[in-house]
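Counting starts at 1 for both ligands and their atoms, following the listed order. Here the structure is a predicted model, which is why all the values come from computation and not from measurement.
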Amino acid sequence: MTWDSLMGGAFPDARGRYGVWGGRYVPETLVGALERLNVGAREALADTGFIDDLSRELHDWVGRPTPLTRCKRLGAHWGIDLWLKREDLAHTGAHKINNALGQALLAKRMGAKRVVAETGAGQHGVATAAACAHLGLECTVYMGAVDIKRQSANVRRMRLLGAKIVSVTSGSATLRAAINEAMRDWVSDPETTFYLLGSAVGPHPYPWLVREFQSVIGREARRQINERADCLPDVAIACVGGGSNAIGLFHPFIRDASVKLWGIEAGGRGDALGDHSATITQGSAGVLHGSFSVMLQNDDGQVQETHSISAGLDYPGVGPEHALLNELGRARYRSVTDAQAMEALGELCRLEGILPAIESSHALAGAKLWAEENPGTTVLVNLSGRGDKDLDIIEGYSATPEAI
Ligand SMILES: *Cc1c(COP(=O)(O)O)cnc(C)c1O
């Protein structure tokens, strides 16, 4: 696989492969449902009526296009021309709504009556509950019992929005177990139920489908920065959990060879297994949640527990397209620690009057690393979400209190 074939080829291929990555590693019972979804999604995305409906909802209900903000003070402080794509200003406070709305519209078009979703920190659950309420779909959200305790504000939001929450006590009782249970629910009735997956992970067609719905971020940002700065950025930077906001930002820039792409993972509190969620920078090849990609596992192939101060990045896998971009060297993946992310969060608050999500603060800390090595350049950062949800964690964080 070469850069030329990436430039010429369209990923994924017909089998849902990104080079060797991706595919469908699922029980026989799910293959039919995934193929129906694949066909339904391709028909929808080729239908101008569907695209018009989606565009109208993105404008009227989500609030798109989100602004592009030039950060004069923080940029001067770091020695770069810094631009933020403001997904924090999208409805429900993060990029997740782009995908939740897109898939909910698709569910309706395909005749589903009921939507199931998984959620870890609750952000995808809130976005899905909101989209389902808006479109009149019944919504069930699977959430680990541990996460329900940790993220009670989002649980309350989902209930207000009319979703039913199912507490998952099996396995890790966190996101990983919630995905398994949501898939189990879907298998039991794939005709009338639609599984609304929250990141660019899972079996084909999800990594592709989620990328298509999130690419609105990069399309808007590319046009906006071109108009305002009269150039493309030297680098586009996003945080990487499962990889949906990053692939959404990167995708429209992939053929712009002059634009470097940086994905920033959660380096947590150290390099030991279990202390971070830096999947690409520290993981190895394996199958997780139906897809062949890079994951964090021990020598026996057991999936590792992860740590990040940011709940949205605390996941041991990553989408297969990132595994390919990394393999080809088209995107570079680095990690920043909890402390670096929290320091960047404080700087954006004080110098720009914007409180970012801790997830997004990882992308900002990545921009600071970039700035040290590339002063004077034009830098585009995807600010994936707002930080109001993180107030308790921010206030409880004490490693570098003077930085916040
Ligand atoms: C969920 C979340 C992320 C991580 O998910 P990706 O699929 O990697 O984008 C990043 N930022 C925010 C604000 C989130 O809510």
Side-chain angles (χ1 to χ4, degrees), residues 66 84-100 103 117-128 130 143 147 151 153-154 157 174-175 178-179 196-202 206-207 209-211 213-218 236-251 262-266 277-280 289 291 293-294 306 308-323 325 331 333 335-336 341 344-345 348 354-366 381-390 393-394:
T66 56
L84 299 184
K85 180 59 174 160
R86 300 292 304 280
E87 294 302 292
D88 60 312
L89 294 178
H91 181 43
T92 67
H95 69 288
K96 291 214 168 67
I97 197 72
N98 304 323
N99 170 56
Q103 285 195 50
E118 81 295 337
T119 198
Q123 292 303 106
H124 175 58
V126 169
T128 303
M143 188 168 185
D147 290 332
Q151 308 287 340
N154 276 339
R157 272 188 203 114
T174 60
L175 176 61
I179 295 180
L196 206 161
L197 185 55
S199 189
V201 300
Y206 284 107
L209 184 59
V210 175
R211 177 194 83 198
F213 287 134
Q214 291 294 4
S215 291
V216 67
I217 300 171
I237 304 179
C239 65
V240 180
S244 71
N245 88 90
I247 205 68
L249 179 72
F250 292 174
H251 201 256
W262 271 26
I264 308 297
E265 300 189 312
S277 312
T279 307
I280 294 185
H289 294 136
S291 177
S293 187
V294 180
T306 49
S308 169
I309 189 167
S310 136
L313 302 183
D314 203 348
Y315 178 67
V318 70
E321 194 161 2
H322 288 292
L325 293 175
Y333 297 84
S335 68
V336 300
L345 181 147
L348 190 70
I354 300 169
L355 167 55
I358 302 178
E359 291 85 354
S360 322
S361 304
H362 285 70
L364 281 171
V381 173
N382 192 35
L383 203 75
S384 56
R386 66 176 182 229
D388 309 53
K389 68 184 177 61
D390 294 325
I393 299 168
I394 295 166

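- Annotation: the span from Lys389 atom NZ to Ile394 atom CD1 amounts to 8.5 Å, rounded to 0.5 Å.
- Applying the 4.0 Å criterion to heavy atoms of Ser244 picks out, from ligand 1, the atoms 6 (P), 7 (O), 8 (O), 9 (O).
- With rounding to the nearest 0.5 Å, the separation of CD1 in Ile237 from OG in Ser360 is 13.0 Å.
- Residue contacts with ligand 1 leave out His124, since none of its heavy atoms falls under 4.0 Å from the ligand.
- Among all non-hydrogen protein atoms, the one lying nearest atom 12 (C) of ligand 1 is Ser384 OG, 3.5 Å.
- Of all atoms in ligand 1, numbered sequentially from 1 with element shown, those under 4.0 Å from a heavy atom of Gly243 are 6 (P), 7 (O), 8 (O).
- Note that NZ of Lys96 is 6.0 Å distant from CD of Gln123, once rounded to the nearest 0.5 Å.
- Taking any N or O of Ala94, backbone or side chain, none lies under 3.5 Å from an N or O belonging to ligand 1.
- Residue Gly385 has at least one heavy-atom neighbour below 4.0 Å for each of these atoms of ligand 1: 13 (C).
- Taking every non-hydrogen atom of Gln123 and a distance limit under 4.0 Å, the qualifying atoms of ligand 1 come out as 15 (O).
- Ser244 approaches Ser199 most closely through the heavy-atom pair N-OG, 3.5 Å.
- The contact set between ligand 1 and Ser199, taken as ligand atoms under 4.0 Å from a residue heavy atom, comprises 6 (P), 7 (O).
- Close approach of ligand 1 to Gly241 is summarised as follows: ligand atoms under 4.0 Å from at least one heavy atom of the residue are 8 (O).
- Distances below 4.0 Å separate heavy atoms of Gly312 from the following atoms of ligand 1: 4 (C).
- Separating the CG atom in Leu249 from the CD1 atom in Ile217 is a distance of 7.0 Å, to the nearest 0.5 Å.
- Taking each heavy atom of Ala117 and Thr128 in turn, the nearest pair found is CB-CG2, 3.9 Å.
- Using 4.0 Å as the threshold, Cys239 has a heavy atom nearer than that to some atom of ligand 1.
- Just one residue in the list His91, Lys85, His95 forms a side-chain hydrogen bond (donor to acceptor under 3.5 Å, both in side chains) with Thr66, and that residue is Lys85.
- Nearest-residue assignment for atom 5 (O) of ligand 1 (options Lys96, Lys389, His322; heavy-atom criterion): Lys96.
- Ring planes of His322 and Phe250: perpendicular class, angle over 60° (limits at 30 and 60°).
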